[in-house]
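Since the structure is predicted, the reported quantities are computational estimates derived from the model, not experimental observations. Quick note on labels: first sequence line is chain A, next is B, and so on, each numbered from 1.
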Amino acid sequence: QKEVEQNSGPLSVPEGAIASLNCTYSDRGSQSFFWYRQYSGKSPELIMFIYSNGDKEDGRFTAQLNKASQYVSLLIRDSQPSDSATYLCAVTNDYKLSFGAGTTVTVRA
Amino acid sequence: KAGVTQTPRYLIKTRGQQVTLSCSPISGHRSVSWYQQTPGQGLQFLFEYFSETQRNKGNFPGRFSGRQFSNSRSEMNVSTLELGDSALYLCASSLEGEAAGNTIYFGEGSWLTVV
């Protein structure tokens, strides 16, 4: 079983719609959970992090964490073409980040 | 506030050579970690340093090594380069590393091509 699994993509959404990304993790000791956005040829850019159960909102982004279900998600509201990228879910344990394979999102105009 | 700085950004090496990559973390950050990203394997953890001590190491051969200096700057070295070492090498910094609430930021990366 992989440490971090993300819903397979690619995910195509129309401009203005909500993009929903899901991630599950295997280590119950994981403390912090991150969503990074990565454009082709660029390094990962931190867009959200969460460490308490519940929702955390930042602008058009909402992260949700459910430690009992070992599940973390990211919602992107009012999707824009500039949101087209690969989204990486990552969790911390043993002083390292473990990453999912990423979900590629395409926002079509 | 300056971000994570990695040098060099791009380099081409020949098989059998060695390479040293450098990372300067965000000011005040004491944890530095390194990752390798390839199309086939995704992002894989190499090692993490905090206050000059390696706290964790990923599943990479001994050709991959690193260190951290007293000013928190870090270097990683790959000896006897192989074609498969061609990748984007990413450095990440945070205040403490794993503690809940610590944000972790990446540098722009060093693109290594081995020919």
Notebook entry, point to check: At a heavy-atom separation under 4.5 Å, does A/Phe33 approach chain B through its side chain, its backbone, both, or neither?
Noted result: neither
Checklist line | Structural part of A/Glu3 lying under 4.5 Å from a heavy atom of chain B | finding: neither
Item checked: Side chain / backbone / both / neither for B/Leu43 at chain A, heavy atoms under 4.5 Å -> both
Margin query: Quick one about B/Thr20 and B/Asn77 (side-chain donor to acceptor, distance below 3.5 Å, no hydrogens or angles considered), yes or no?
Written below: yes
Notebook entry, point to check: Would you say the ring centroid of B/Phe106 lies under 6.0 angstrom from that of B/Tyr35?
Noted result: yes
Notebook entry, point to check: Do A/Arg37's NZ or CZ and the ring of A/Tyr87 fall within the cation-pi criteria of under 6.0 Å and 45°?
Noted result: no
Note to self: Given heavy-atom pairs under 4.5 angstrom as the criterion, report whether the side chain, backbone, both or neither of A/Leu46 touches chain B.
What the structure shows: side chain
Notebook entry, point to check: What part of A/Ile50 gets closer than 4.5 Å to chain B, counting heavy atoms only: side chain, backbone, both or neither?
Noted result: neither
Item checked: Contact origin within B/Gln41 toward chain A - heavy atom pairs under 4.5 Å -> neither
Checklist line | Minimum-distance pair of heavy atoms, taken over all atoms of A/Leu65 and A/Tyr51 | finding: CD2-C, 3.7 Å
Notebook entry, point to check: Between A/Tyr25 and A/Tyr71, is the gap from one ring center to the other below 6.0 Å?
Noted result: no
